[in-house]
Chemist: 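Sharing a structure here in structure tokens format.
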There are 2 protein chains.
Amino acid sequence: MPTQTFFHLSKEKQTTLLKAAMKEFTHQSFANASINQIIKEASIPRGSFYMYFQDKEDLYFYLLEQSRDRFQKQLLILIEEEHGDLFCTFERFFESIIDYCSKKNHRLFFKQVFANINSQAEKRLFPTKTNVFDPRSFYKHFLEQIDVSKLNIQQEDDLEEIVGLLFGMTLHTLILSFTSDKKKEEIMNSYHRKLILLKYGMEKYRKE
Amino acid sequence: MPTQTFFHLSKEKQTTLLKAAMKEFTHQSFANASINQIIKEASIPRGSFYMYFQDKEDLYFYLLEQSRDRFQKQLLILIEEEHGDLFCTFERFFESIIDYCSKKNHRLFFKQVFANINSQAEKRLFPTKTNVFDPRSFYKHFLEQIDVSKLNIQQEDDLEEIVGLLFGMTLHTLILSFTSDKKKEEIMNSYHRKLILLKYGMEKYRKE
DNA sequence: ATTGTAACATGACAACTTGTCATATGTCAA
DNA sequence: TTGACATATGACAAGTTGTCATGTTACAAT
């Protein structure tokens with residue numbers, strides 16, 4: 001997280017820095033991104049940068065967490081609108097992510113993000129059971145909204161396994177989509193089929 | 001891939017370098033690992049390193065690909081032994097990965113690998129449809145061994161979706177396991193339950 | 001108004017990186 | 001013996017990062 005000092009800055013200065021960071025992370029992978037470049041673009045001295053952020057990672061994760069907050073809010077809205085139906089919720093959730101990440105000023109940034117995402121960054125972008133970076137305990141709240149009656153739950157924490165699988169599959173599909181420049185239609189179709197497979201099972205047994 | 005020059009080296013020199021690399025990648029994340037450290041440990045001059053490998057990534061991926069080859073061979077053996085049963089195959093496959101990666105001289109290395117794996121590294125470790133790094137076309141061969149008759153296949157390439165989901169879920173479980181230091185028993189149990197969910201579906205419908 | 005204290009700003013600096021390249025040294029065939 | 005080629009090597013340029021001593025504010029207390 002940024003320091004208090006960063007938040008004491010004028011909103012203008014804050015966004016200048018964040019925009020410079022976005023620009024760098026859009027054109028370079030996280031590993032290749034350079035703090036030098038960011039501070040040059042934002043016209044702030046080197047020492048100041050380290051007054052605001054611990055390091056490059058701190059800044060990067062802060063950017064990711066802003067998207068995560070958005071995704072979390074969206075997810076809570078959708079699960080309510082769908083009256084707890086997990087699959088409808090995820091189908092709409094996925095589309096809203098695709099739309100958000102495909103916005104003109106976001107697309108290349110997220111392409112970089114997804115191309116290089118690791119399990120650390122994943123936690124900043126998607127909430128999971130073991131996510132310490134979730135102050136408002138979104139995850140717990142989300143679980144409570146799920147209509148469990150329709151789900152194949154046999155053990156205590158099968159619900160968490162189910163949700164974990166859905167998040168994992170969702171992220172994996174996102175990564176594949178953004179690294180291979182497919183059309184939205186094609187991506188949505190692939191996601192839908194995966195959801196069907198998860199919902200009804202991979203073993204042949206019944207028709208939809 | 002290493003250059004021809006590397007393979008012209010004596011086996012002894014080769015392993016000295018690879019062992020030094022393993023050591024460094026065991027104690028540092030990929031990002032923090034230093035070529036300086038590796039060449040110092042292996043006692044080779046800086047210029048020589050660049051005769052053998054393009055860069056740090058080239059060396060790292062070469063190490064990963066050696067494990068991938070092992071995993072691929074194992075998978076082909078298992079699918080044959082299980083007569084094409086995808087779920088039994090994956091259950092045994094997962095256990096064999098866990099055992100291999102948990103070996104005394106591997107464990108910390110793989111812990112680093114899984115903690116920092118991204119979609120690029122994933123492709124070097126696990127074969128997928130879009131994997132260019134698979135000379136012997138393992139993937140195609142594997143697909144042919146699968147007993148499709150038991151699977152819930154509705155569309156042309158549902159099989160690839162299924163296999164993709166299984167690989168994705170397997171890797172995700174590995175990452176979680178190795179980053180949280182759980183016991184093998186606990187890990188296997190969690191994997192088993194996920195497999196059941198994938199097999200029979202997440203929606204309530206029938207008993208096992 | 002003056003002083004003191006804490007917060008913030010700044011750029012020079014040390015201590016690392018990495019990849020290249022000119023030069024040296026092998027090796028083997030003609 | 002002479003090329004021609006593959007390989008070895010370490011000095012080097014160009015970059016990176018995080019720190020820190022020294023300024024400069026701002027603002028409360030006397």
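These numbers were taken from a predicted model, which means no experiment stands behind them. Here is how names work: the chains are called A, B, and so on, in the same order as the sequence lines, proteins then strands, and each is numbered from 1.
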Chemist: Please give, in whole Å, the distance from dC16(C) P to K56(B) NZ?
Modeler: 16 Å
Chemist: Write down the distance between CD1 (I39(A)) and P (dG11(C)), rounded to a whole number of angstrom.
Modeler: 10 Å
Chemist: I need the CG-C1' distance between N36(B) and dG19(C), as an integer number of Å.
Modeler: 11 Å
Chemist: dT9(D), dT17(D), dT18(C): which one has an atom nearest the side-chain heavy atoms of R46(B)?
Modeler: dT18(C)
Chemist: Look at all strands and tell whether T5(A) reaches a base, only sugar-phosphate, or nothing, counting heavy atoms closer than 4.0 Å.
Modeler: sugar-phosphate
Chemist: Any carboxylate oxygen within less than 4.0 angstrom of a Lys/Arg side-chain nitrogen, looking at K19(A) and E41(A)?
Modeler: no
Chemist: Describe the nucleic acid contact of D55(A) in one word from base, sugar-phosphate, nothing, applying a heavy-atom distance below 4.0 Å.
Modeler: sugar-phosphate
Chemist: Whole-Å distance between dC20(D) P and M51(A) CE?
Modeler: 14 Å
Chemist: Measure the distance from CZ on F53(B) to C1' on dT18(C) and round it to the nearest whole Å.
Modeler: 17 Å
Chemist: Quick one: which of dT18(C), dT10(C), dT16(D) gets closest to the side chain of S34(A)?
Modeler: dT16(D)
Chemist: Start with the C-alpha distance between E24(B) and S34(B), add both sets of side-chain angles, then the distance that settles side-chain hydrogen bond (donor to acceptor under 3.5 Å, both in side chains), and finish with yes or no.
Modeler: CA-CA 8 Å; E24(B) 179 68 356; S34(B) 148; 4.9 Å; no
Chemist: Measure from the side chain of Y50(A), starting at C-beta and using heavy atoms only, and say which of dG18(D), dA9(C), dG10(D) lies closest.
Modeler: dG18(D)
Chemist: Under 4.0 Å, heavy atoms only, any strand: does Y52(A) hit a base, just the sugar-phosphate, or nothing?
Modeler: sugar-phosphate
Chemist: Answer yes or no: does a side-chain N or O of S48(A) lie under 4.0 Å from OP1 or OP2 of dA9(C)?
Modeler: no
Chemist: Check the phosphate of dC8(C) against H8(A), side-chain N and O only, distance under 4.0 Å to OP1 or OP2. Yes or no?
Modeler: yes
Chemist: Is T5(B) reaching over with its side chain to a backbone N or O of Y52(B), donor-acceptor style, under 3.5 angstrom?
Modeler: no
Chemist: Could you give the NZ-to-C1' distance, from K40(B) to dC16(C), as a whole number of Å?
Modeler: 12 Å
Chemist: Any side-chain to backbone donor/acceptor pair from E122(A) onto I117(A)? Under 3.5 Å, distance only.
Modeler: no
